[in-house]
Amino acid sequence: MTTPAAIQASQRGKNALPLRPASQVMNLERLGALHQSRLSFMRTTVRRIMRERWQIEPTRFELDNDGYGTVVYEVNAPHGLFSFVLFSDQLSAEERNDRVIATKWDLTMALVEGSVDDVYLQKLRQNVPKQEAGRVDSRVFVLSRANRSARNFDYVVDQLSKGKQPDAERISKVGYLYRTTAVYGSGKLGMADWEKVRTKHKDFARPFAGEMFVCLMLRNFSLLQAEHIARHKSPETFQPMAPEIKRFFGIGNSTGLGMAPYMVNHPLLLNQWIEMRELALARVRVLGTINDKIRQELNELLARCEQYTRDTFTEDAWQSANNIELLKDLAELQAYTSTSFVGWDELLKWSEANCSIECQELLVSILLELYPELVDSLEDYQSAEEFLDLDPIMPLQQLKEVIETRYDWALNTDFKAEGALETCWYRSEEKMEPRLGSIADKEARQKQMALGIGYAVHKCYNQLCEYIADHPEHNTARFMVARPKMRGIVRRIQSMNRCIYGDIQANLLDRNVLPMHLLRCKLAFFGVGKFDPRSRLWVRNTMFQGAPLLEDIGKPFNDDWFMPIAPQQ
């Protein structure tokens, strides 16, 4: 198994793996065109549960006929016992709000260490439904909340109560019964921090594994609750949902700007995610044998992706145009793959010359899907030690060369151009959530977050050149004494120089920056699909659509739920 250290060593050796360059991969538009893949966290979480045969059973099921009440699942994983606690409360239409300013939700839930007794359950009941307004202890390491889909939930209950199945075509437009509006972890609101989870709970020691598990459990409960209500509504005619229809339901998600700063503030972690994906692609390019079976699977996946794209519903003009272009590209790609192309490099180069970035990156995900034996082992290397270390003895000439080589994109950006420094990223006072404003707004400017990495590098380089002109023999420590405000960006520059990827190569302060690219990048690593932008600042999407059900644990599993399409009825 190749380790990250070995990957980087191989890049310096004679037999370097053909990793795509950072100038290509870390382009903001390309990051915003990424799709789910075998290495996405939802896929790796489900594979682990199925492979290790986790035992997940309800130990408390206290729902009234309308589906309101409390449910507790006990989760027996290989390395520990956990509880998934869920509260279902009645919510009026006026109170239902997907925005972060909401204070009530249809469902609230928590993932908890160990089993839950009556005393602790009461404590959770007093705090979990309050979300940010409540407080929990370090036994809790994920909190979330969700609202019903107004378009689907009552319809599905009504169909089941009449002994009918939900219409698959209708599900394609809104593929969920609930959508979550936030999933919190890593020490927020008194919860266990990531270090405790990573070191104490091996079952959830991968990035966002706990959060993905909570969303998977929410999806399971949404199906169970719909059947429960329908059964009590009309016990004489009720019929349970068919398993193939159940699997086609996912969980909705509404994501706003909160994700965007994460991509900038965790460059070493982002580097790790990107590097594993690129290494997987490199393995396929070098070791992926092409035979008749692989060609058939490739054509089937291309056809599936085409149908999946057709089934993706959005009212957003920009995303609709992207989907139309992707469909055109997929048709041309299918025509090209019907010829006797020689290898994957040829196909990738053809796509780069003839297809949109969206289609190019979808092809990467498809290629990873073809070779699980080359890809899946890399899921164990998604974590990173996130320390940005300062090297005080680095000669300043060397530091200058690092900036010129690694950050040439920042040096080539014209920050004096109109609108180049107009955008201001800041945190709201009410919810401490990221917001996007103008640098002309004095209040926003006072709360500004340091997301302008390119501009900071540019300023550092100019001051460094001035300093070197007078002190060419000095090292970094001397420069830090003279320019203490540069310490943070110099630490980042030196640390990122040990990585292949990591820094997003874009000016995030530009007037025309599109935050949607940042959101989509992170969501793709989560494994979501059906992107439906509601503005340039937030997006709806679908999670776990096509994934196996809890009742499938222990049964044969082939992990084939990439870009799921509606079942035939």
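Computed from a predicted structure; not experimentally measured.
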**OP:** Give a yes-or-no answer on whether the side chains of S383 and R198 include a donor-acceptor pair shorter than 3.5 Å.
**Re:** no
Subject >> Polar contact flag, side-chain donor to acceptor under 3.5 angstrom, Q296-D292 >> reply: no
Original post:
Would a distance-only check, ignoring hydrogens and angles, find a side-chain to backbone donor-acceptor pair under 3.5 Å from R219 to R247?
Top reply: yes
Subject >> Sidechain-backbone polar pair: E346 side chain, V342 backbone, donor-acceptor under 3.5 Å >> reply: yes
Subject >> Expected output: side-chain R304 to main-chain F562 donor-acceptor under 3.5 Å >> reply: yes
Subject >> D389 atom CG, over 12 foreign heavy atoms within 6.0 Å >> reply: yes
Subject >> Polar side chain donor-acceptor pair, E297 to Y371, under 3.5 angstrom >> reply: no
Original post:
Between the main-chain N or O of M496 and the side-chain N or O of R406, is there a donor-acceptor pair closer than 3.5 Å?
Top reply: yes
Original post:
Are any side-chain N or O atoms of R277 and backbone N or O atoms of L39, one a donor and one an acceptor, separated by less than 3.5 Å?
Top reply: no
Original post:
So, does D408 use its side chain to make a donor-acceptor pair with the main chain of E404 at under 3.5 Å?
Top reply: no
Original post:
Counting distance only, does the side-chain N/O of E211 pair as donor-acceptor with the main-chain N or O of V142 below 3.5 Å?
Top reply: no
Original post:
Side chains of Y178 and Q225: donor-acceptor distance under 3.5 Å anywhere?
Top reply: yes
Original post:
Do you know which of K328, R520, R30 makes salt bridge (charged side-chain N to carboxylate O under 4.0 Å, His left out) with E358?
Top reply: R520
Original post:
With distance as the sole criterion, is a donor-acceptor pair present between the side chains of S144 and T180 under 3.5 Å?
Top reply: yes
**OP:** For E52, look at atom CD and say whether over 12 heavy atoms of other residues, nucleotides or ligands are found less than 6.0 Å away.
**Re:** yes
Subject >> Sequence-distant partners of D329, side chain to side chain donor-acceptor pair (under 3.5 Å), two or more places apart >> reply: S356
Subject >> D503 side chain vs Q505 backbone, donor-acceptor pair below 3.5 Å >> reply: no
Subject >> Taking every non-hydrogen atom, the tightest pair across F387 and R498 >> reply: O-NH2, 4.3 Å
Original post:
Taking everything shown except K202 itself, do over 12 heavy atoms lie less than 6.0 Å from its NZ?
Top reply: no
Subject >> Residue that, paired with C305, satisfies side-chain contact (heavy atoms from CB on, under 4.5 Å) out of L363, L362, L333, I565 >> reply: L362
**OP:** Count the heavy atoms of every other residue, nucleotide or ligand shown that sit under 6.0 Å from CD of E300, and state whether that count exceeds 12.
**Re:** yes
Subject >> Heavy-atom pair of closest approach, residues S138 and K196 >> reply: O-NZ, 2.9 Å
Original post:
Will you find, in the side chains of R283 and S377, an N or O donor that is under 3.5 Å from an N or O acceptor?
Top reply: yes
Subject >> Step-by-step ring pair (Phe, Tyr, Trp, His ring centres under 6.0 Å) determination, W54 to F82 >> reply: CA-CA 11 Å; W54 291 20; F82 307 91; 7.4 Å; no
Original post:
Just wondering, more than 12 heavy atoms not from R53 lying within 6.0 Å of its CZ?
Top reply: no
Original post:
How far apart are the C-alpha atoms of F313 and V174, what are their side-chain angles, what is the distance that settles it, and do they pass the side chain to side chain contact (heavy atoms under 4.5 Å, CB included) test?
Top reply: CA-CA 8 Å; F313 177 78; V174 184; 5.9 Å; no
Original post:
Got a sec: does the CD of E373 have more than 12 other heavy atoms crowding it under 6.0 Å?
Top reply: yes
Which pairs of donor and acceptor atoms, one on a side chain in residues 541-549, lie under 3.5 Å apart (sequence neighbours left out)?
residue : atom : partner : partner atom : Å
N541    : ND2  : N253    : OD1          : 3.4
Q545    : OE1  : K530    : NZ           : 3.3
Q545    : NE2  : F248    : O            : 3.0

Original post:
Using the ring of each side chain (for Trp, its six-membered ring), is F213 parallel, tilted or perpendicular to F84, with breaks at 30° and 60°?
Top reply: perpendicular
Original post:
Do E244 and Q568 have side-chain atoms, one donor and one acceptor, less than 3.5 Å apart?
Top reply: no
Original post:
Is the backbone of S37 close enough, under 3.5 Å, to the side chain of S40 for a donor and an acceptor to pair up by distance?
Top reply: yes
Donor-acceptor list for residues 257-270 side chains, cut-off 3.5 Å, not counting sequence neighbours:
residue : atom : partner : partner atom : Å
N265    : ND2  : P261    : O            : 3.2
H266    : ND1  : E386    : OE1          : 2.8
H266    : ND1  : E386    : OE2          : 3.3

**OP:** Verify, without hydrogens or angle tests, whether W273 (side chain) and Q382 (backbone) share a donor-acceptor contact under 3.5 angstrom.
**Re:** yes
**OP:** State, without any angle test, whether W561 and D559 hold a side-chain donor-acceptor pair at a distance under 3.5 Å.
**Re:** yes
Original post:
Is there a donor in the side chain of T337 and an acceptor in the side chain of N299, or the other way round, less than 3.5 Å apart?
Top reply: yes
**OP:** Tell me, with the steps shown, if F249 and Y176 meet ring pair (Phe, Tyr, Trp, His ring centres under 6.0 Å).
**Re:** CA-CA 5 Å; F249 274 105; Y176 51 83; 8.9 Å; no
